[in-house]
Amino acid sequence: MVYDPKQIEPKWQEYWQKNDVYKTEIDHSKPKYYALDMFPYPSGKGLHIGHPLGYTASDIMARYKRMQGFNILHPMGFDSFGLPAEQHAIDTGQHPAVTTAENIANFKQQLSKLGFCFDWDREVQTSDPQFYKWTQWIFMQIFNSWFNYDNNKAESIESLYAIFTKAGNTQVNAACDEDTPSFTAEQWNAYSADEQYKISLKYRLTYVADSVVNWCPALGTVLANDEVKDGVSERGGHPVERKKMKQWSMRITAYADRLLTGLDRIDWPEPLKEMQRNWIGKSHGAEMDFKVDGHEVTLTCFTTRPDTIYGVTFMVMAPEHELVPQLTTAEQKAEVEAYVEMAKNRSERERQSEVKKVSGVFTGSYVINPISGEKVQLWVADYVLAGYGTGVVMAVPGGDERDFRFAKHYQLPITPVVEGTKLDENGEVAEANPTKEGIMINSGYLNGMTCKDAIQAVIKKAEEDGTGTGKVNFRLRDAVFSRQRYWGEPVPAYFKDGIPYMIKEEELPLTLPEISEYKPTADGDPPLGRAEGWTYQDQYAYELTTMPGWAGSSWYFARYMDANNANEFANIEKTKYWNQVDLYIGGTEHAVGHLLYSRFWSHFLFDRGFLPYDEPFKKLINQGMIQGNSAIIYRLKDQSNKYISAKQKGDYDQENLIEIHVTVAALTGEDTIDPEVLRTWKPEDFKDAEFVADPDGNFYCTRRIEKMGKRYHNAIDPVSVINDFSADTLRCYEMFLGPLEQSKPWDTKGIDGVHKFLRKMWRLFHQFNDQGEFETSDGTPDDAEQKVIHKAIKRLTEDLERFAFNTPVSTLMICVNELTDLKCNKHEVLEKLLLIAAPYAPHITEDLWAKMGHITSIHQATFPKHDEKYLQESSFEYPVSINGKKRTTIKVPLDMPKEDIERQVLANDVVQKWLEGKPPKKVIIVPKRIVNVVI
RNA sequence: GCCCAGGUGGCGGAAUUGGUAGACGCGUUGGUCUCAAACACCAAUGGUAGCAAUACCGUGCCGGUUCGACUCCGGCCCUGGGUACCA
C-alpha cells in the first residue's frame, strides 16, 4: 500500500471535526497555552502561500503543547472590514457584506484542507454586528475616560468631574487639548451641564479634532498614502492635496510612556521592540520661545539641543503653520504663497525622503534669539513637519545636517558651536557636527562647557527668563480614528449643535445602514452621507465616518476567550484563565501599526478593569514574508496599447515606459510570457494589445521579488500545492524553507524532497512483508535504534523549545533515513517517531497511529521525552588545529584530563611534523570543542 | 531620507555560547533495478591545482579585535519590510 494523501487527509480532517478533537473548554486542572495567529483579511484572491507559513508554525506549537498536557486555545477568525471589499462594491454594486461572506467561505474552505487544529466554535469576524457591537462599546469606554498623569492611568470621566467640582482643573495633571482653559471649582460649578460637557471633550481619550488627510477633489474622497503615487491618485491619476478635516482621534500619546516601558516586560524580538521605541520616539530637550521682531507673536520650537542656541542662524516653520500668512511681509507674500501651495501637494514621506532637493522661502520676518538676543531670518521650508514638535525649528546648520544643507543652499550663515566641527580650507564649516560630545565654542557664557552641561544651563536660564522650558517630546502622534469609508464600524456618536454625544450602551450595535451607492456623496461627504434617515432619535445626525481597520483587530484576541458572549465583550473570569496570548505569530509589516494599537487598547482596558492584563502578547514571533516573484511587462506611455519585450527596454526612452504587473500564470519559463494568456486574463487591457516580441519569438518580462499581494498578481494558491502533493507536505515544506522569521521568495524547487520524506516514513511501516502491508514488530529495540530515536527526540524538543521550526524537519528526515538503514520496525521506536512527527504532519501520523491499534487521536497522546542514557558517548574526537587551521583529529576518552590530551596531541604525527622539533607556544583545549596548537 | 532586518555552494538553507563552514533537502553527474519508463536505491558534488595524498582560496566589500571570526567591533555596497488612511 502506498502513501495516498488524497484518501488519508480528508478522512482525518472529517474525523477531527466530527469528534470535536480541537474543541476547547476552560479546565483549571491543566496549564493553559494560547497560540494565536494574526487573523487574515479575507481578500477576494483567497489564501496565498504566505498565510499557511505562520499558521503552520502556531499549529505545530499548539499540537506540541497539547501533547505536553497543556489546555490549548488556538482560534481563527477574520479581519473582515477593509478597503478592497468596498472598492469592489463601488465597481460592481455588490454589497461588501456579500463579497466578504463569499471570501470568508472561500478562506475557510481552503483552510480546512491544511489540517489546522483551530477551534472554529470561537471564530470571530470583525464585520459581524455581534462582534463590532463590542468594538463600538470599547470606543465608548475610551470616550468616557480621561488619562491621569499622576498615576499614569485612564480613569472614568466621572472621576474627572468629581475633581473639577472640588478643585477645578488647575491641579489636574491630565492628557488634554492644548487650548484647554483653566478654571476653579467655583467657575466649573457655575457652568451649565452643556458647558461642562464641552470642556470634558478636551480631556476624553477620543476626541474630534482637525487632522491632515490626502484629499482628492476629483474623487471627492480621502486616500490612503498607499493609494497616492507621485502626488496623484493611483486610480484615475487625479491630483491629491493635503487638507485639514475634522476627524475622530484617540489620545494614544497619553500612553506613550507606558507603551515604552511595557516593552521591557514582553518576550518580543528585540528589533521589533526597537522599531516601536523609535516610533514612539521619546526625546528630551526644551521648548524655546523666539519673539518675532515687530509682531506681538512668539514662535515656540522644540529642540533636543538647546546647548546649540548660539549656533541658531535662522529659523524655519512648516508651510502649514497657521502663522505663516501673518508673519509674511508684503514683498515676500507672492513667493511664500506659491511655495505653500506647492508644498501642499507633497506627501510627508516625500518631504522627508527627498533631502537632496532643498527648498524653502524667506518670510521677510525676523525672530530674536531668547538667549543671545541675535536677530535671524524666519524661513518657511517643507522639511519641517507641522505634526512633529511645534512645527517650528531653530536651525543650527553647524550641528544638524538638514539645516546645514539648507544654509549652504541659501547661503545663510553657519556658526560652529561645538569644538571639533570640521572646517574647510577657508575656515568655514565643512560639515555639520551632530554629536553631543565636545566643548562649546562661539557660545557666549556657554563657552567651555560640555554639551551635556550646556543643555542643562540653557534650560535653567530659559526657565528663569520665562523664554523656554525643559520638555520631553514624543514622535508618536495621536491616532486618527476616522475613515471616509462605508465598510467599517459605524462610530456610535451623533451630533447635537455641533457637539458629539454617544448613543446609549443598550442601543448597541449601531449597525451599518444600507446605501444605494458606496461612493462619497456629491458634496464630498463620506458614503454614510447617502444613508437615508441616518439620524439618532430622528433628529440628530450620526457621525458619517467609520472606524479604521485597526479598531477590530485591536481587541479580537480577547473575544476568542469568550466568543459567543452576548452580554460582555469577554467575561473577566474567562480572560483571567486564558490571559495573555502565549505565542502570537504574524508578519513584521504590523510592527508599529496593529501591534502598537492593540497594546494601547489593552492597556486602556486593563486600566478600566475590563481585562486582567495590560500587555496582550507575551511572546511574539514575526514570521518573514513569503515573497512573490512578480512578472513585469512594459507599456509605451504614448501608445497605450503597445507592450514591448523587456529585453528591448534599452531601445526606448525610459520616461516613456510604464511598468505593468501581470499574472504569474502567464509565465512560460523563467522570464518569458505567453501574451495569449494575458488576453484572456484581463481582456479589458490586453484583448487588442500589441506585443512586440524579441527576434527569438519570445516575449520577455522582468522578474522582481516583492511582497505577495493582489496588486502584484504574484500570489500562489496553497490548495494547488496540496493537490499536487499533500497538506502534510506543504506544512513540512513551508517550515523546511528556512527560519520562520526570515523573508523568502516562494519556490517549489525543493518540495519533492519533503514529499519523499513522508513517503519514506510511510514505507518504514510497510517494509516487512511482500504485500507492502502495515506491519511493526514487538521486539525490544537495540542500542543503535534507541540512539537514533532518542537523538531525534532530543534535538526536536530543543529546537521547538527555542521556536526553531525549520530544523526539526531535517531532524525527522535524518531519523527516518537512519531507521530505514537499520531496517527498524520495532513498535516502541516507530510509535515515538509518529509522536514527534505528529505536530508537523498530523494526517499521515494520525493514520499510521490508528493502524498501530490506537483508538484515540495521536494529538491527544503524550509527547515523548528523550532518555539521556542512550545518547552517552565514551570518547570525543577533537579537531586539532595548528594556529587556528584544522590539520587533523584525535579521539580521546571523555574523562581524560587536559594534560593527557595535550600529551597525546603533541605525540601526534601531523602535529609533530608542524612543530618541527620546537615546543609549541601554547596549547588551547576547549572541552568537547577543539584543540588548537599555537606555534 | 529615517527606523528595522537580511546577504553563506548552481539553489533553499545548517552551524544553539567566538571553536571541524556547507548539516538536511533540491539540482547536477555517474551507476544499480527495468524490455522501457515511473518509483526506489548507491556514489560523487564549494572553487582552483593535482592520478592521488594533499595544498591554497572561500560566508556581500574594506579594515580591526582574537590562539581561533559566518558569529564580535568600525566603515561601505546591495536586497527586503515599515514610514502613521493597504491589511
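Naming convention: chains lettered A, B, ... in sequence-line order (proteins, then strands); numbering from 1 in each chain.
- Not counting sequence neighbours, A/F474 has no partner by the ring pair (Phe, Tyr, Trp, His ring centres under 6.0 Å) test.
- If you measure from atom CD of A/E274 to atom C1' of B/G81, you get 16 Å, rounded to the nearest angstrom.
- Listed pair A/N883 / B/G68 fails the phosphate criterion, with no side-chain N or O lying under 4.0 Å from OP1 or OP2.
- Residues forming a salt bridge (Lys or Arg N to Asp or Glu O under 4.0 Å) with A/D403 (at least two apart in sequence, or on another chain): none.
- Ion pairing between a basic and an acidic side chain is recognised when a charged N comes within 4.0 Å of a carboxylate O; A/E734 and A/K744 show no such pairing.
- Within the structure, the salt bridge (charged side-chain N to carboxylate O under 4.0 Å, His left out) test picks out the following pairs touching residues 585-599 of chain A (sequence neighbours left out): A/R599-A/E615.
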Base-pair string, RNA chain B, Watson-Crick plus G-U, cut-off 3.5 Å on both distances, | for inter-strand, is (((((((..(((......[....)))((((((.......))))))((((....))))..(((((..]....))))))))))))....
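- Sorted by first and then second residue, the side chain to side chain donor-acceptor pair (under 3.5 Å) pairs with a member in residues 811-822 of chain A read A/K760-A/N817, A/K791-A/E818; sequence neighbours excluded.
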Dump the pairs, protein N or O against N or O of nucleotides 71-80 of chain B, anything under 3.5 Å, distances to one decimal.
unit_1 : atom_1 : unit_2 : atom_2 : d
B/G80  : O2'    : A/Q627 : NE2    : 2.8

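- A donor N or O paired with an acceptor N or O is not found under 3.5 Å between the base of B/C3 and the side-chain atoms of A/N278.
- Taking the salt bridge (Lys or Arg N to Asp or Glu O under 4.0 Å) definition, one finds that A/K246 meets it with A/D210, sequence neighbours left out.
- The list of side chain to side chain donor-acceptor pair (under 3.5 Å) pairs with a residue in residues 792-807 of chain A, not counting sequence neighbours, reads A/Y64-A/E801, A/D799-A/R802, A/D799-A/T807.
- Protein atom NE2 of A/H590 is 16 Å distant from nucleotide atom C1' of B/C4, rounded to whole Å.
- The salt bridge (Lys or Arg N to Asp or Glu O under 4.0 Å) check on A/K282 picks up A/D257, with sequence neighbours excluded.
- For A/D525, the salt bridge (Lys or Arg N to Asp or Glu O under 4.0 Å) criterion is met by no residue, not counting sequence neighbours.
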Strictly under 3.5 Å: I want the nitrogen or oxygen pairs between protein and nucleotides 20-23 of chain B, one per line.
unit_1 : atom_1 : unit_2 : atom_2 : d
B/U20  : O2     : A/K886 : NZ     : 3.2

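- Evaluation of the side chain to side chain donor-acceptor pair (under 3.5 Å) test over residues 40-54 of chain A, restricted to residues two or more places apart or in two chains, returns none.
- Between the CG atom of A/L595 and the P atom of B/A84 there is a distance of 17 Å, given to the nearest Å.
- Residue contacts shown for A/H594 are absent, as no nucleic acid heavy atom lies under 4.0 Å away.
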